[in-house]
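These notes concern the structure reproduced below.
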Amino acid sequence: MSDIRHSLLRRDALSAAKEVLYHLDIYFSSQLQSAPLPIVDKGPVELLEEFVFQRLNSLQELQLLEIMCSYFQEQSKDSVRQIIFSSLFSPQGNKADDSRMSLLGKLVSMAVAVCRIPVLECAASWLQRTPVVYCVRLARALVDDYCCLVPGSVQTLKQIFSASPRFCCQFITSVTALYDLSSDDLIPPLDLLEMIVGWIFEDPRLILITFLNTPIAANLPIGFLELTPLIGLIRWCVKAPLAYKRKKPCLSNGHIGHKAAKDSGTGTDRDSHLLYSKLHLSVLQVLMTLQLHLTEKNLYGRLGLILFDHMVPLVEEINRLADELNPLNASQEIELALDRLAQALQVAMASGALLCTRDDLRTLCSRLPHNNLLQLVISGPVQQSPHTALPPGFYPHIHTPPLAYGAVPAHPAAHPALPTHPGHTFISGVTFPFRPIR
């Protein structure tokens, strides 16, 4: 590598960066012929950090991004593409990571704009094997580019749904990790929410792509993205009524500004409430299909796609928000949040996606405000599960076809203010009544 470095030092910055990419292609193509998983040693990484991530001005960087897009598009061997993408953008824990992440965000943003599927597929793999702290940085860069900076540009991002569903799944997972509704700044922009809900409503299987196409290890790594965005989407649906109730418009000289008043108007609020209701329905439908998928993978009762440890902070956040809001003024929002939590818990446990006992659940939910549906879920009659994979005391699976949920209306929260609701069948085999989403 020292000879290559001396040669690169005699070139201009863009030419040197392009030459590094060329040498990497030769180096890893040769290694892959003798080993299926070549080790990326420090030599190539040092060349990248010296000649790609440190020396380019804006114009040269744009030209390099175009070169990279073309390279990944034209490279026919996926294994070579993946290893070079990984060597380029895997965080090293040093000062070059900021430049590395900045270039990655611009490359993926360009790939979205010009629909370079190989780059998006490489980015999907990168999101799957990179610590979540870096994944949310990439997600934020894309959200800024397509949902915040230029009005209407979200339409370009929407189009990748059919081009790279795998990237869309990983993007949703990282976005739900970024926007956790813990503060007003971490509520997803309406354009982003609308796009994601549209994707999932069109094909709910989208959020299971990574799980269905990934070999499952015995112990999933800590600090990385989940196999599915399910827990993040459940968090969105459950916390949304309380988070939007908490959100207040900015004041200007003691008065609500025109833009703030417009943004906080009933029309925008109604749109977001309908979107979260629609998303909640889709998530429940996906959960109902998981029993079959887990059984096919011989993971039923052994792998919880929704970890109980993740439900603990969610319940604590709901309790905190309910305490912060005036119960008299937010009673409907609190009731809706708890209804959605109860529905998600019931279906997740019934399908085997959440593994816990009812005693665990009672302890977890003991501090929450009273809710009839939640009380029925944690204390209702439970039969012993015939599934041998589940130990006694676990919530049983319910034998019901995936379409059994079809009786629920498409927009159950379309009229949240109505005092009464028609009855609907929730899941066959459950002995207690179901209260529809309001």
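We use all heavy atoms of the structure for the numbers below, so side chains are in, but hydrogens, waters and symmetry mates are not. Just so it is clear, the structure is predicted and the values come from calculations on it, not from any experiment.
For the pair Met311/Leu341, a side-chain contact is recorded, criterion being any heavy-atom separation below 4.5 Å from C-beta on. Contact check for Ile200 versus Ile172: side-chain heavy atoms found under the 4.5 Å cut-off. Contact of the Glu61 side chain with the Leu107 side chain is not registered, since no non-hydrogen atoms from C-beta on lie closer than 4.5 Å. Considering only heavy atoms from C-beta on, Cys365 comes within 4.5 Å of Leu374 through its side chain. Side-chain contact between Leu192 and Met195 is present, with at least one heavy-atom pair separated by less than 4.5 Å. With contacts defined as side-chain heavy-atom distances shorter than 4.5 Å, the pair Val132/Phe224 does not qualify. Looking at Leu355 and Ile306, their side chains never come closer than 4.5 Å, going by heavy atoms from C-beta outward. Side-chain contact check for Met349 versus Arg358: every heavy-atom pair is 4.5 Å or farther apart.
Under the 3.5 Å distance criterion, the side-chain polar atoms of Gln375 are left unmatched by any main-chain donor or acceptor of Asn372. Side chain of Ser277 to main chain of His273: no donor-acceptor pair is present (N/O by atom type, distance under 3.5 Å, no hydrogens or angles). Checking side-chain atoms of Ser87 against main-chain N and O of Ile84 turns up a donor-acceptor pair under 3.5 Å. Asp191 places no side-chain N or O within donor-acceptor distance of the main-chain N or O of Val154, the cut-off being under 3.5 Å. Between the Asn57 side chain and the Gln60 main chain, a donor and an acceptor come within less than 3.5 Å of each other. In this structure a side-chain-to-backbone donor-acceptor pair under 3.5 Å is present from Thr289 to Val286.
Between Phe72 and Arg81, the shortest heavy-atom distance links the atoms O-CD, 3.0 Å. The two residues Asp145 and Ser153 make their nearest non-hydrogen contact at O-OG, 3.5 Å. Closest approach of Gln291 to Ala350, counting heavy atoms only: OE1-O, 3.8 Å. Shortest non-hydrogen contact noted between Leu294 and Ser351 is CD1-O, 3.9 Å. The shortest non-hydrogen separation linking His310 to Glu226 is CE1-OE2, 3.0 Å. Here the shortest heavy-atom pairing between Leu307 and Gly304 reads CD2-O, 3.3 Å.
To the nearest 0.5 angstrom, Glu335 atom CD is 8.0 Å from Ser331 atom OG. From Lys297, atom NZ reaches atom CG of Leu292 across 12.0 Å, with rounding to the nearest 0.5 Å. Interatomic distance, Ile334 CD1 to His370 NE2, rounded to the nearest 0.5 Å: 13.5 Å. In this structure, OG1 on Thr173 lies 9.0 Å from CG on Leu227, to the nearest 0.5 angstrom. Distance check, rounded to the nearest 0.5 Å: CZ of Phe171 to CG of Leu127 gives 9.5 Å. For the atom pair CZ of Arg100 and CG of Asp97, the computed distance is 5.0 Å after rounding to the nearest 0.5 Å.
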Starting from the C-alpha separation in whole Å, work towards a yes-or-no answer on side chain to side chain contact (heavy atoms under 4.5 Å, CB included) for Ser90 and Thr130. CA-CA 7 Å; Ser90 291; Thr130 303; 5.5 Å; no

One pair to check against side chain to side chain contact (heavy atoms under 4.5 Å, CB included): Arg367 and Val315. What are the steps and the verdict? CA-CA 9 Å; Arg367 295 182 57 212; Val315 170; over 6 Å; no

Side chain to side chain contact (heavy atoms under 4.5 Å, CB included) between Leu354 and Leu287, worked out: CA-CA 10 Å; Leu354 173 62; Leu287 287 172; over 6 Å; no

From CA spacing to verdict: side chain to side chain contact (heavy atoms under 4.5 Å, CB included), Leu190, Leu275: CA-CA 9 Å; Leu190 186 61; Leu275 287 170; 3.8 Å; yes

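Remark: Arg205 pairs with Asp203 by the salt bridge (charged side-chain N to carboxylate O under 4.0 Å, His left out) rule, at least two apart or across chains. Scanning for side-chain contact (heavy atoms from CB on, under 4.5 Å) contacts around Lys77 gives Gln75, Ser79, Val80, with sequence neighbours left out. Every residue two or more places apart in sequence or in another chain that forms a salt bridge (charged side-chain N to carboxylate O under 4.0 Å, His left out) with Asp98 is listed here: Arg137.
A ring-ring contact (aromatic ring centres under 6.0 Å, His included) check over residues 87-123, counting only residues at least two apart or in different chains, returns the pairs Phe85-Phe89.
Applying the 6.0 Å contact sphere to CZ of Arg129 captures more than 12 heavy atoms from other residues, nucleotides or ligands. Enclosure of atom CZ in Arg55 by more than 12 non-hydrogen atoms of other residues, nucleotides or ligands within 6.0 angstrom is indicated.
The aromatic rings of Trp199 and Phe161 sit parallel to each other, their planes meeting at less than 30°, with 60° as the upper class boundary.
Salt bridge annotation for Arg320-Glu316: absent, with no cationic side-chain nitrogen under 4.0 angstrom from a carboxylate oxygen.
Side chains of Thr210 and Thr214: a donor-acceptor N/O pair is absent below 3.5 angstrom, by distance only. For Asp360 and Thr363, the side-chain atoms include no donor-acceptor pair closer than 3.5 Å.
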Distance-only donor-acceptor hits, side chain of residues 233-243, under 3.5 Å, sequence neighbours excluded:
| from | atom 1 | to | atom 2 | distance (Å) |
| --- | --- | --- | --- | --- |
| Arg235 | NH1 | Thr176 | O | 3.4 |
| Trp236 | NE1 | Tyr179 | O | 2.6 |
| Lys239 | NZ | Asp180 | O | 2.9 |
| Lys239 | NZ | Glu317 | OE1 | 2.8 |

Pairs under 3.5 angstrom only: tabulate donor-acceptor contacts from the side chains of residues 111-123 to other protein residues two or more places apart or in another chain.
| from | atom 1 | to | atom 2 | distance (Å) |
| --- | --- | --- | --- | --- |
| Arg116 | NH1 | Val114 | O | 3.2 |
| Glu121 | OE1 | Arg166 | NH1 | 3.3 |
| Glu121 | OE2 | Ser164 | OG | 2.5 |

